[in-house]
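Written below as structure tokens is the structure these notes are about.
Each ligand, and each atom within it, is numbered from 1 in the order the structure gives. Residue numbers start at 1 and run along the sequence shown. Keep in mind that what you see is a predicted model, and the values were worked out from it rather than measured.
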Amino acid sequence: MPKYKPGDLVGIETKDRKYTGILMERPELSGDNYLVIKLESGYNIGISLDRIKKIKKIGTGVKREKFKLKKHKKDSSKKDISILATGGTIASRVDYITGGVHSAFSAEDLISAVPELGEIANIHGKQIFNKFSENIVPRDWIKLAKATEKEIKKGVNGIVITHGTDTLGYTSAALAFMLKTPVPVVLTGAQRSSDRGSSDASLNLIHSAIVAARGNFSEVVVVMHGETSDSFSLIHPATRVRKLHSSRRDAFQTINSKPNGRVSMNSIEFFKEAKLAKELRLDTKLEEQVFLLKYFPGLNPKVIDDLVKTGYKGIVIGGTGLGHTSDLLFEKIKDAIESGISIAMTSQTIFGRVNMNVYSTGRILQDIGVIPCEDMLSETAYVKLMWILGQTKNPEKVREMMLTNYAGEITERSDI
Ligand code: GLU
């Protein structure tokens, strides 16, 4: 292997196929049993060394500049979409010294690495920030919402936002509450980085671009792999989607509802009536002092006092079962509510809805003033409470707004 350097254009012959591509830089080259090449189509594939009969160098040192965005000629028969990059694995590559994964590709890199995008639409790209999504803070949601509004005002037909998967569901919910959009706004990410043979980055991006360009709806959605192979992606409602697996390509699922639809290379199919609107409106005021508290047996009730003292204005509890906490907390919760803090209850079961009328625990918590959040995800309720408290601190108004469905986050009835 030492004869070949990352960036070399190589011809590889296996027992059954021939490949030509650029040898990708990766630590596995030194020890592991396979190599990765980038094919002309832009896809990366891994080839096991045992399968390789012949390898020859065809060209030397292709520089990364080769992948820089070439100006796409505008094709008036195609829709226009903007790809806004925020970081995450979808824009990551391996650091060959530490072996860690770092955000590295700009929006231009992404587009150039996935040439199919140019066939789907006229692509405009912009990097909004470059963060792993665990580092994203609520102010970044605001920045992103403003950038999205700005792109929509330019007249594009749809937006794709590339994002780390870890906190993608929080950002999608935040955008859904803050932004009324007349065009599709599609968030997507990748579980495996673009320089891995098993990467889901290209396909998620392509499917998202198809949805943004051809989807006839006015909503924020998340598009991610629908199963482990590359056959289709699901279109998830922004306030209902959750990452349910740390590594699978089909980690994202719609919770307590069904996906809006699914997309493959040749089709988009919708399972629900699409939301259609003309209005573009931005409402980015957020109260950042909201706490998301997962109840657990043994939780020290004094934590509630501490949260009040720290200055929190709202608390969303991920309670047990139908929406419960230990009775040891009741007194502290009551004091907090009396001091003006809004406290809302979701269930840590993830699936299902809270019902605080069934057991005395739930009834007492309701009497104290806890707001039952129906079938809302805890993360969505957390973002929603921030957004509501950004607009009003009136406890009755907060309750009324928490129980109003603004962005598909509540359904009146659950099908079991
Ligand atoms: N933890 C990083 C993030 O959420 C990388 C994981 C990913 O993108 O899937 O941005």
query = Of all the atoms in ligand 1, which lie at a distance below 4.0 Å from a heavy atom belonging to Gly88?
reply = 8 (O), 10 (O)
query = Tell me the ring pair (Phe, Tyr, Trp, His ring centres under 6.0 Å) pairs involving residues 231-252, sequence neighbours left out?
reply = none
ask   = Any N or O of Lys131 that comes nearer than 3.5 Å to an N or O of ligand 1?
value = no
key: contact_flag Gly87 ligand 1 heavy-atom lt 4.0 Å   = no
message = If you measure every N or O of His163 against every N or O of ligand 1, does any of those distances drop under 3.5 Å?
response = no
request  = Run the numbers for me: atoms of ligand 1, each under 4.0 Å from some heavy atom of Gly164, listed by number.
outcome  = 3 (C), 4 (O), 8 (O), 10 (O)
query = Would you say Thr167 and ligand 1 have an N/O pair spaced under 3.5 Å apart?
reply = no
key: Residue Ala190 vicinity, atoms of ligand 1 by number, heavy atom under 4.0 Å   = 7 (C), 8 (O), 9 (O)
Heavy-atom neighbours of Glu279 CD exceed 12 at 6.0 Å = yes
ask   = If you measure every N/O of Ser133 against every N/O of ligand 1, is any gap under 3.5 Å?
value = yes
query = To the nearest 0.5 Å, what is the distance between CE (Met376) and CD1 (Ile410)?
reply = 3.5 Å
inquiry  = Are Gln348 and Phe296 packed together at the side-chain level, in the sense that at least one heavy-atom pair is separated by less than 4.5 angstrom?
reply    = no
query = Side chains of Gln191 and Lys243: does their closest heavy-atom pair fall under 4.5 Å?
reply = yes
inquiry  = Are the side chains of Leu282 and Thr148 in contact, using a 4.5 Å heavy-atom criterion?
reply    = no
